[in-house]
Q: 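Structure incoming, see below.
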Amino acid sequence: MAWGYPPSRGSGVYRAWATANAFAERGWRVTVLTADRETFALTTGTDTSLEARINPSVQVVRVPFPAPGFRNDVRKWSRLRAEAPELWNGFYEWRGQRMFPERVYGGWRRALEHAAREIHAANPVNLTIGTANPNVDFIPGFVLHEAFGVPYVMDYRDAWQLDVFSGNRITAESSAVDRWEKRLVAGASEVWFVNEPILRWHAEVYPEHASKLRVVSNGYDFAPIAVPRTDRLPKASLVFGYVGTISAAVPIREIIDGWALARKRSALVRASRLELYGHLSHTATANSDFEAQRERFKTHAISHGGSLQKSAVSAKYSEFDALVLMAGAGRYVTGGKVYEYAATGLPIASVHDPANDTSSALAQYPWWRGSARADAESYAATFIEVAELAAAQTEEQRAAAREWARRFEREAQLAPRIDGLAELIGAVGTEEATS
């Protein structure tokens, strides 16, 4: 179960896509329950290239998502919505959260329950995995477990009651969310998290269920191409690249300030350029902070090349000499691009809060340099240091770095859990198992 699944281009789509494919490649019969294409066109935007990479054996069941708030064709509005939009919005949200305590998505619960029961009736399910968020994705597993004893896995990309940026709990104990999560965690066979800090937080909240909590890190899905530009060593000019979503959580002004300082202090950085690629938010709404900085781009040799389809990302890395890793602050945050970046073998400049869990994920990568503080001065020093590394990096050194990063392949993260779950459900052979 994954609300975000191809052709969605949301940040969580890759984990859900890779998980379904990994089970299918192991011989499981996989059905994915997800939203309809129109919903993604109205919300996250779409990437059809990733949809083409769904394993052909995976059956995709699309359930229309009741999100009239995203549908802005006034010709299709009810009279109540047109004449009293605030009242209509309030009623719609109240009704949805009565079904399930989650804004926007709660009203999807009944449709998911119905779809899950239909799938099970047609072809009995042995295991359900719900990849959140939204957290209503856990409902199909819960329903099939309650009705038929089917084991289920809760796969958290982030967290429900923890703000991964601030580290604060965002819901009250005994709230509807708290009651639902306790109920879901109690019934789950396993609960997955993307990093150790988030797991530890939940282990403190649910000590009686600590034994079922697992870290299933993200990983890279396609081996990125990154052939060194060996026209000259050391190089007199470089291309720094960033590929990924540039959300409002990214401190873009401070990063540009740091790049500008580095250009003042280093002839090598001054002769180089910074190329940014990616959507400007996780939804169809642009990042206003980023837009406010655009007028500085030309002055400081910065460009934004828009978004890239997944099929084009790998080749784009071949045009870079170094990578820039930007992320929001928070010790519970691990950027999704961390593993893909390392797989290129390129030097990486981390320009974000050093407490971010990204730092621990890359600490042993030989070509990574992290900023000491989250400010322009530290970012400038990181840019300069990484520029010097990139100017002298040889093809042999890059190949060694790529080999080191093979541990971050997505398959390496998922394989132990697939084996464990096959054992859990008592599958005689993976060809007889279903998901």
Q: Please work out which of the three classes, parallel, tilted or perpendicular, describes the rings of Phe138 and Trp160, given edges at 30° and 60°.
A: tilted

Q: Quick one: ring-ring contact (aromatic ring centres under 6.0 Å, His included) partners of Phe148, sequence neighbours excluded?
A: His120

Q: Restricting to pairs with a member in residues 369-381, which pass salt bridge (Lys or Arg N to Asp or Glu O under 4.0 Å), not counting sequence neighbours?
A: Arg265-Glu377, Arg369-Glu385, Arg373-Asp375

Q: Name all residues meeting the ring-ring contact (aromatic ring centres under 6.0 Å, His included) criterion together with Phe40; count only those two or more places apart in sequence or in a different chain, and write none if there are none.
A: Trp3

Q: Return the set of residues passing ring-ring contact (aromatic ring centres under 6.0 Å, His included) with His202 (not counting sequence neighbours), or none when no residue passes.
A: Tyr156, Phe193

Q: Measuring centre to centre across the rings, with the benzene-like ring taken for any Trp, is Phe65 within less than 6.0 Å of Tyr105?
A: yes

Q: Using the test side-chain hydrogen bond (donor to acceptor under 3.5 Å, both in side chains), find all partners of Ser303 that sit at least two apart in sequence or belong to another chain.
A: none

Q: So, are Glu395 and Arg398 salt-bridged, with charged N and O less than 4.0 Å apart?
A: no

Q: Give the intermediate values and the outcome of ring-ring contact (aromatic ring centres under 6.0 Å, His included) for residues His352 and Tyr379.
A: CA-CA 8 Å; His352 54 71; Tyr379 296 161; 8.2 Å; no

Q: Going by side-chain hydrogen bond (donor to acceptor under 3.5 Å, both in side chains), name the residues that satisfy it together with Arg169, two or more places apart in sequence or in a different chain.
A: Gln161, Asp178

Q: List the residues meeting ring-ring contact (aromatic ring centres under 6.0 Å, His included) with Tyr14, not counting sequence neighbours, and say none if there are none.
A: none

Q: Quick one: side-chain hydrogen bond (donor to acceptor under 3.5 Å, both in side chains) partners of Trp192, sequence neighbours excluded?
A: Glu190

Q: Can the positive tip of Arg15 be found less than 6.0 Å from the middle of the six-membered ring of Trp17, inside 45° of the ring normal?
A: no

Q: Test: salt bridge (Lys or Arg N to Asp or Glu O under 4.0 Å). Region: residues 240-255. Which pairs qualify, not counting sequence neighbours?
A: Arg253-Asp257

Q: Does Tyr339 have its ring centroid less than 6.0 Å away from the ring centroid of Tyr220?
A: no

Q: Any chance CD of Glu208 has more than 12 other-residue heavy atoms, nucleotides or ligands included, within less than 6.0 Å?
A: yes

Q: Assess the pair Phe142 and Trp180: is the distance between their ring centroids shorter than 6.0 Å?
A: yes

Q: Tell me every residue that passes side-chain hydrogen bond (donor to acceptor under 3.5 Å, both in side chains) with Trp368, counting only those two or more places apart in sequence or in another chain.
A: Ser350

Q: Which residues satisfy the side chain to side chain contact (heavy atoms under 4.5 Å, CB included) test with Arg179, sequence neighbours excluded?
A: Ala176

Q: Any salt bridge (Lys or Arg N to Asp or Glu O under 4.0 Å) involving residues 209-220? Give me the pairs, sequence neighbours left out, ordered by first then second residue.
A: none

Q: Which heavy-atom pair separates Ile198 from Val164 by the least distance, and what is that distance?
A: CD1-CG1, 4.0 Å

